[in-house]
Amino acid sequence: MDGISRMLVLSMFFVILFGFQREKSVVVMAMDEDEKALCSVNLAEFLPPPYGGLENMVCEPVWNSFLLRYSQSKDNVITIVLSTIYTSGWVGMGFSPDGMMINSSCMAGWVTPAGHGKIKQYYVEGFTPSTIIPDKGELPLTSVPPLIYLQGATVYLAFQLKYPTPLKTQPMLLAFSTNYPQHHHLTAHEDKTTIKFDFSSGTSFAASATPNNYISSKKTHGLLGILGWGLFCPFGAIIARYFRSQPLWYYFHVYAQFIGFILGLAGAVVGIELNNKLQQDIPGHQGIGILILVLSILQVLAFFIRPDKDSKYRKYWNLYHSSVGRTALFFGAVNIVLGLHYADEGQGWKISYGFVLGSTMLACIILETLLRLKKLDEPTLPSDYPINSI
């Protein structure tokens, strides 16, 4: 490789990465006539005390059809009744120390098809259903049993907490799913939100409770990983294997690989920062990510010690380069799939990467078939073909 190409490659290491900062917005919730009518429902007609006879009750809309009723006494006991439209599945409300899903404690309830109500406290250790632990949490529940009650098309989730000091502004999680829990393990939610609620003033407001730009960091991490390990690096590998007959194949291969490496490295940096914020243990995703990063760095270092074509070590270098590269690409695809699973970003991301991965695999199958057919059509010299010695 000439000096200009090496300088261009080295300059790519000094790309300046910038983050996206999401502005927090506050939207005051206004109660319409239907919500006022719902707030006027007499809970004492079907809910036992203390839920049916809340003193100085505050009733506020919080999200979609979710309506929050609560009463806070002088000894810091807060009684909560959350209601929403219900057909099947579960509904939940959680308290978070920092507005994030991880390390939050939630109350979730559902009414079985047989009409039996189930309500439990859960502790959120991760994003997947298996890491949302039933009968565990940090909510200071009182001795009053929590309950869930279905009245018509509305479900009521009620529980009571006691704090050492008056509860003021609190980040809350709201979520629901139309699928029933399996053996008391919650199914994946179909929609969710994080709000802030001021229990001291009796007024409600919704805020984008995303401290430390958690949502932006998570999406940036995923996008950089998909572009780096899932798009540019496979593209560079395809060029190296199937387009060697083109004059500029080597430069396209090198630049695609280095762009992919830089994007992947940036994604790893964002992932490390995200992990430091969440303190979440995802050994599979983290371990594979470290492996990919190490293999990629080895590829970069090998680039600068590439032997000449006439060197007797060139064939060993080629074998090393291709095997390490293919291993990194394989684990890159695996880790992207794991990341999308843990991130719980919805079907949009999974479908998008599925399309990218499927298109890449289809292109490789077609190009590999064409390459092998071309080799079969190439003329071969017979074994007894006379060779003139010089």
Side-chain angles (χ1 to χ4, degrees), residues 13 15 17-20 22 96-104 122-133 136 173 185-186 188-189 192 210-234 237 257-301 323-350 352-354 356-357 360:
F13 283 102
V15 175
L17 303 176
F18 59 91
F20 299 95
R22 185 176 179 178
S96 171
D98 52 11
M100 293 189 290
M101 180 176 171
I102 302 298
N103 298 325
S104 63
Y122 290 84
Y123 186 74
V124 182
E125 294 182 351
F127 295 107
T128 58
S130 62
T131 57
I132 301 177
I133 312 301
K136 184 180 178 182
L173 309 174
H185 286 279
L186 299 181
H189 52 66
K192 64 182 186 302
T210 53
N212 301 321
N213 297 320
Y214 159 65
I215 299 297
S216 296
S217 297
K218 187 172 71 168
K219 291 183 177 180
T220 301
H221 172 64
L223 183 61
L224 289 172
I226 291 175
L227 289 176
W229 311 128
L231 186 62
F232 278 95
C233 286
Q257 295 295 82
F258 270 90
I259 291 174
F261 171 75
I262 290 175
L263 291 173
L265 178 62
V269 172
V270 176
I272 292 172
E273 181 184 1
L274 192 61
N275 180 67
N276 291 335
K277 294 174 184 176
L278 296 179
Q279 296 296 322
Q280 185 183 8
D281 185 23
I282 313 178
H285 184 63
Q286 295 168 353
I288 295 176
I290 294 173
L291 174 63
I292 297 169
L293 187 60
V294 170
L295 293 177
S296 301
I297 293 174
L298 291 176
Q299 287 288 74
V300 172
L301 296 176
S323 59
V324 172
R326 290 170 183 172
T327 302
L329 289 178
F330 171 77
F331 282 108
V334 171
N335 215 30
I336 291 173
V337 173
L338 284 176
L340 292 175
H341 172 69
Y342 286 119
D344 193 26
E345 279 293 342
Q347 294 298 321
W349 283 74
K350 296 178 182 178
S352 298
Y353 179 64
V356 172
L357 182 61
T360 302

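Nothing here was measured: the structure is a model prediction, and the numbers come from that model.
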Check: residues 328-340 side-chain donor-acceptor pairs under 3.5 Å, at least two apart:
unit_1 : atom_1 : unit_2 : atom_2 : d
Asn335 : OD1    : His285 : ND1    : 3.0
Asn335 : ND2    : His285 : O      : 3.2

Option among Leu295, Leu291, Ile297 that satisfies the side-chain contact (heavy atoms from CB on, under 4.5 Å) test with Leu293
Ile297
With rounding to the nearest 0.5 Å, note down the distance linking CG in Leu186 to OG1 in Thr131.
10.5 Å
Heavy-atom pair of closest approach, residues Gly228 and Pro234
O-CD, 4.3 Å
Which residues pass the side-chain contact (heavy atoms from CB on, under 4.5 Å) test with Ser104, sequence neighbours left out?
Ser96, Cys106, Val124, Leu173
Sequence neighbours excluded, the answer for side-chain contact (heavy atoms from CB on, under 4.5 Å) partners of Leu227 is Leu223, Leu231, Leu263
Atom pair OH/NE2 of Tyr122 and His185 - distance to nearest 0.5 Å:
8.0 Å
Look up atom CD in Glu125 and atom CG in Asn103, then write down how far apart they are to the nearest 0.5 Å.
8.5 Å
Rounded to the nearest 0.5 angstrom, the CG-OG distance for Leu357 and Ser352 is 12.5 Å
Taking side chain to side chain donor-acceptor pair (under 3.5 Å) as the test, write out the residues that go with Tyr353, two or more places apart.
none
For the student: nearest non-hydrogen atoms of Phe232 and Gln257, plus distance:
O-OE1, 3.8 Å
Listing request: all side chain to side chain donor-acceptor pair (under 3.5 Å) pairs with a residue in residues 221-232, at least two apart in sequence or in separate chains.
none
